[in-house]
Each structure stands twice: as structure tokens, then as C-alpha cells.
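Data block below; observations after.
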Protein chains: 2
Amino acid sequence: MYKKIINGIKPVSKEWVNRAWARLDNLSKPKRSLGYLEEMVARVVAMYEEERPRIKKKAVYVFVGDHGIVAEGVSAYPQEVTALMVKNFLAGGAGINVLSRRAGADVYVVDIGMKEELGDAPGFIRRNIKRSTANMAKGPAMTRDDAEKAIDAGIEIALNASDNGVNMVATGEMGIGNTTPSSALYSLLLPAALADVTDKGTGLEDEGIRLKIKAIEKSIEINSHLMEDPVSILAAVGGFEIAGICGLCLGAASRRMVVVVDGFISSAGALVAMRICPAVKDYLFFAHKSSEKGHMIFCEKEGIRPILDLDLRLGEGTGAACAMQIIEDAVYIYNEMATFDDVGIDAGA
Amino acid sequence: MYKKIINGIKPVSKEWVNRAWARLDNLSKPKRSLGYLEEMVARVVAMYEEERPRIKKKAVYVFVGDHGIVAEGVSAYPQEVTALMVKNFLAGGAGINVLSRRAGADVYVVDIGMKEELGDAPGFIRRNIKRSTANMAKGPAMTRDDAEKAIDAGIEIALNASDNGVNMVATGEMGIGNTTPSSALYSLLLPAALADVTDKGTGLEDEGIRLKIKAIEKSIEINSHLMEDPVSILAAVGGFEIAGICGLCLGAASRRMVVVVDGFISSAGALVAMRICPAVKDYLFFAHKSSEKGHMIFCEKEGIRPILDLDLRLGEGTGAACAMQIIEDAVYIYNEMATFDDVGIDAGA
């Protein structure tokens, strides 16, 4: 399915960006004095192709997967925490719930690769492909077929959201161990030295980081014969939630939705999407600079300016929920500010 | 009046900060994984001295003054723009109006030193001390008495706000030419080399910046005999709106309100307040890193971490209105997130 979808992803048009700047430069403020807010809304106008962009409905998708690689001791938390946190999301008590309420966004939790099976619940989307990835230090994390299924699940969720009037989505994730496949993907897809994109995740010490790097090296080595394209790399050393986020980005871009990508792990999913289809990037905002060190390398290499820099490293989509508010601020500025003509000031002064 | 008020400004207590951290470390997230959001709310808890901090009512105060120094050609815009923009504020069409609506804050415009006299209007606080400062390149911008009156006006506005249930205020300003006195104040009060804290303001080119530096040098030289303490420096080379912001910071801190300081000019007012009474700093958040280069020097020298970095240089309080939302996000996190005990995860993992 993803191959069909990427044909429908069109880069945003310069003409719409320029139209947005024409209006921005006539708002009652010194030219470009709202800095990055102006750049953000110019992009939104071009994504939506609307004279007055309207954020209709916002949704945060928290993709959840477990990871076989935790057997190698790469995480400070036990695997059971994944399901416990999902219950917390569904009960509305987690960081992402609080911040999404603040942003006026609905939260959906997607079981795409959780070990534990949970029953139906409001806001819970059951699209499980497999109950955890395999240990990638011993073979591929996913089969190529399963990785494609996970991407397709993300795409379908995006298309569904669009059909239901959502036009701004944020990515989030939960999965004990998931900084490990993320680092593997950055190292292979940017590319970058593994040591530069591997960090403490959720609380590792120096010794733990060394172990984690070793586990990733082993994983890349053992799967090297499988790595032909971005999707096969994702299958070999990625994760289900990362694949789902990749799919969400692709599906959303094909419908000209605004995508707000959270931090380190979400950006790994976005990176896979960008390698599958470069035009997808036109629809992505990167919410914040994660405190995971590899994230800055990603941003620098890809010429990305994260909106916030708050040392967040929680994931779940929390940074994206914060950043949504700033993007929406920019949209309101664009739609509601008086122009120089209204006020009687010469804009050229 | 300000001397009496500063006696009432108490540093926040370590005990309350520690109490806040005890709760933060038991919320259902890896320790400190919400980074700067956690630091922000720990400070709010200590300002309010409340187990569950509640932002009751928010208000943005836009202090407006004109500047005699514009006769030296230091601004790219004509002085008339000050009053035109005030009319825009009062009509609700400016950037600060839009962003304050988004933040759920009321906007008040304070004529503290405008050249043009405007009649009564809703949200317009008429506390004019004088119709513009004098040209500081030829003598003091204000008499010491007038500077004190302007500080007192800011204090009274803060006390009034507090009496009316406001417990979070943001500073804003408007005044053609007002980056010039701000640069003078930074250079004298930080201290810093004048060239390092003087920048393009609202659209100067290189030649204009050189002229501006010269005008400030002349102002500092001609008024050097008057500079005995922070208030006399403010009188000599400051402005009415800067004095008003200084007073607002002092008055708000004396009532344990949260103060969100906007960008370059507002921070100059806050700096004067910090020099008058160092404890005031405990109640200040600095909203954003202004694109005016001297602002970063201020932040570095004073150990301040601005909340946002969006290349804003509009003033009015726009950055503060954006940042208010982030601080409020942090407060919601603190009050509404489930704890590890609720979720059944061992926090020490």
C-alpha cells in the first residue's frame, strides 16, 4: 500500500508559500518580526492550500511496540512498563494525556507491536502486527512483510483521521527499549557514527550505553545482508511503533495534513518516511530538540529547526503536544492580526 | 514607594522547591524526563507556596512610552507609530491581542509616557508621567523623581492586579526608539561593551547601528555625573515604559505572582528591578531569546534560560504570551499527571 500512497505525496508549492509571505509582510508588525512563527504558518498555508488556514481537528497517535532487543539489557526499565504505561494512557493520567488536553487534541493509543494483549477501550486502536519484535542482535527485528504491514497500519490510521476531519496529527510512542532501534536507524540512514547517535535513553549510565552500542553493532552486523532499501533497514533493526509512525507521516502527507513529529524515536520514524519519499518532509514539523544527543545530529544533517528546546526526553508525544500550541499560535497570528492597511501605517517604513 | 515594596520581596524558599521535586519525581514518567518543564513548575510552586499551584487569572501589561532620543535618528520608524500601534492594541488587532487571547490572558495598555494623549478606552490604563522622555543625548531622559513615579505606577498596577485575583502577569511594551535606552541600560548595568548590546532594533542597517551606538555613547557621557544607583541610571538613559516594567516586576514579586518577562526591552526593565532588589529574580521567567543580539549576553551573564527561541523581535509582550502557555503546560503536568503509585510502577527502576 505504501508505494501507492507515496505517489500521492506532492511537495508544497512555492506559489502558496509566497502568497502566505505577502500577507505576513502586510500584518501590523515590522517585517519578519515574529521570526519562526511566521515561517511556520507560511508552511501551514502551503500544506493546506488555504487562504486562511484552519486547524480543524487535532489528534495525537501514540504507537506502542515492544522490543526483543531488551534481552540484551539495553534498557533501564523492565519490559512490563510498556503495558503499564499504556494503561496509564488509556486512563488519561500520563503526560501525553495532560498535554493533549491542553492542546485541544484527542489522544489515540495504537497497539502495533505490544507484547501484552489488552482489550478494547475508548481511544485504543488495536492494530497489532506481532507481539514484540524479535531480538535484532540475533536476526531481523521484523520480517519485511511485517514491517510493510506496520507502515500500512500507520497510513490507514492517517487516512481514517483525515476522513474524520482531523488535519493536524502528532506522533508519539511508547516501547521499553525503543531508543536502541532508533539509534540503529539514525546510524544507517543519516548516516552517522553509532557512538554519536546512541545515548542514555531512559536512564542508562555510561556502562549501559557501551552495552547498548555493542548490541546495535551486533544487530547491524548480523542483519547486514538484509539491508537493501529504507524499508528493509527498518525491518532489520527498527520497531513496529517506528514503522507505524513512518506510515502515519506518509499517510498524513498524502492528505496534506500537518504532522508534528515528537522527539528522538518519532523522528527516527519520520526519517524512514523521508528516505522512502523525500517530499514527505514538506508536511513535517519537528516539535522539539530531544535531550538524546543523536537528535541534534539528525536535525543538523537534515536542516531541521526544532520548535522547542526544553530538554524533554519522555516521548509519548509530549513535546509534539506542546509544539502544536505554538504552531496554532502562528496560525492565529496569520488569520487574526490587523494589517498595516487597517491600522494606517506605511508598511515600507 | 518602591523602597517600601522591596522590603516585602522574599526569595522563594528551598523547602517549597524541594517539596515540588518530591512530587515531580513520583509522577509516572522517568525522573526529570520533562526537563525544563519540571524546573519551571518547581519554581511556580515555590512562588505561590501552594501544594497544587493554580494559575487563577493572567494579564499582560503593555507599557507605552515615547523617546526624545529619536531626534538623533535611532529608529527606522517614525514616532507617530507608537500611538497608531496603541490604537491597534485597543482595537484588538495586534500580535499581542491575538496571542493573549490564545493564552487566556487579558491585555492592558498603559500610557506611562506616550507623546500623544488618547482618551479613555476599555483596557487602557492612563498613568502618563510625561509626554515622552527628553533627548538623553542632551541631558537626562527623565528626572529621578519622574523615574520613581513611573516605577511606582508599575508597582501600583501589579498590586491592583493582585487585588483583582491575577497571579500571573506578563510584561510588554511599545515605544518607537526604545531599544536605544535598553542598550544603554544593559551596557551600564550588566555591564557590557556597548557594541555588544546594540543591534538593529526594528530594522536598522549597519550605518544606523553605528549612529545608534554614537547617540548612546553621547548620552552616557553627558549624563555620567548623574549615575549613582540603578534608579538614577534608569532616569538618565532609560524610558518610562522600561521604568513601568521595572515597577511591575517589583510589585508582582512582592505579591508572589509569576512574572513572565518578554524580550529585549522588557528584560532591560527586569534588569533594573534585579539591580534594585536581587530577590525579584526568583519570580521572573524570561519568555524567549530575542533576536536582538544583546539579549543573549544578558541571559548568559545573569544565568537565565529563556523558555522559547523563535527569533521574535516584535515586543508588545508577544513572546511572553507564547511562553505563558508553556508555563501553564508545566503547571497542568504537575497537578494532573498520575503518580507511579497510581500506576503500579516502581519509580526507582
Side-chain angles (χ1 to χ4, degrees), chain A residues 27-40 76-78 80-81 84-85 87-88 91-95 97-99 101-103 201-203 291 307-316 318 321-322 325-326 328-330 332-339 342-346 349, chain B residues 27-40 76-78 80-81 84-85 87-88 91-95 97-99 101-103 201-203 291 307-316 318 321-322 325-326 328-330 332-339 342-346 349:
Chain A
L27 296 179
S28 50
K29 54 169 184 52
K31 254 183 205 169
R32 312 290 159 110
S33 60
L34 283 172
Y36 196 38
L37 289 179
E38 299 190 41
E39 291 176 39
M40 286 191 258
Y77 278 79
E80 291 66 41
V81 168
L84 287 168
M85 282 305 295
K87 289 173 192 163
N88 194 17
N97 302 103
V98 177
L99 291 171
R101 282 197 289 273
R102 285 274 303 153
T202 305
S291 74
I307 297 170
L308 298 167
D309 179 6
L310 299 169
D311 292 338
L312 307 181
R313 52 181 184 82
L314 175 55
E316 301 180 2
T318 45
C322 282
Q325 298 173 71
I326 303 290
E328 199 159 5
D329 283 347
Y332 272 81
I333 282 286
Y334 186 86
N335 288 330
E336 295 192 6
M337 257 183 85
T339 63
D342 297 333
V343 181
I345 297 173
D346 177 6
Chain B
L27 295 179
S28 50
K29 55 168 185 51
K31 254 184 203 167
R32 313 291 159 110
S33 61
L34 282 171
Y36 196 37
L37 289 179
E38 299 190 40
E39 292 177 40
M40 285 191 258
Y77 276 80
E80 292 65 42
V81 168
L84 287 168
M85 282 305 296
K87 289 172 193 165
N88 194 16
N97 302 104
V98 176
L99 291 170
R101 282 197 290 273
R102 285 273 305 153
T202 306
S291 74
I307 297 170
L308 298 167
D309 180 6
L310 299 169
D311 293 337
L312 307 180
R313 53 182 183 83
L314 175 56
E316 301 179 0
T318 45
C322 282
Q325 298 172 71
I326 304 291
E328 200 159 3
D329 283 347
Y332 272 81
I333 283 285
Y334 187 87
N335 288 330
E336 295 192 6
M337 259 183 83
T339 63
D342 297 333
V343 182
I345 298 175
D346 177 6

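All chains are named by letter (A, B, ...) in the order of the sequence lines, taking the proteins before the strands, and each is independently numbered beginning at 1. Note: hydrogens, waters and symmetry copies are ignored here, and every other heavy atom, side chains too, is used.
Considering only heavy atoms from C-beta on, B:D329 comes within 4.5 Å of A:Q325 through its side chain. Side-chain atoms of B:L310 and A:M40, non-hydrogen and from C-beta on, do get closer than 4.5 Å to each other. The side-chain heavy atoms of B:L34 and A:T318, taken from C-beta on, include a pair separated by under 4.5 Å. At a threshold of 4.5 Å between non-hydrogen side-chain atoms, the residues A:D342 and B:N88 do not count as touching. Taking 4.5 Å as the limit, some side-chain heavy atom of B:E336 sits within range of a side-chain heavy atom of A:R101.
Top candidate by heavy-atom pairs under 4.5 Å with chain A, chosen from B:K87, B:R313, B:M85, B:K29, is B:R313. Among A:G95, A:G92, A:G203, the residue with the largest count of heavy-atom pairs under 4.5 Å with chain B is A:G95.
With a threshold of 4.5 angstrom between heavy atoms, B:T202 approaches chain A through side-chain atoms but not through N, CA, C or O. Interface residue B:E328: backbone and side-chain heavy atoms are both found under 4.5 Å from chain A.
Across A:G93 and B:S28, no two heavy atoms sit closer than the pair O-OG, 4.0 Å. Minimum interatomic distance between B:G344 and A:L84 (heavy atoms only, all atoms of both residues): O-CD1, 3.8 Å. The two residues B:L37 and A:C322 come nearest to each other via the heavy atoms CD1-SG, 4.2 Å.
Here the OG atom belonging to B:S33 is positioned 7.5 Å from the CD atom belonging to A:E316, to the nearest 0.5 angstrom.
Atom OH of B:Y332 is surrounded by 12 or fewer heavy atoms from other residues, nucleotides or ligands within 6.0 Å.
With A:R102 contributing its side chain and B:I333 its backbone, the two residues share no donor-acceptor pair below 3.5 Å.
Here the options are A:D309, A:I307, A:I326, the test is side chain to side chain contact (heavy atoms under 4.5 Å, CB included), and the partner is B:L308; only A:I326 passes.
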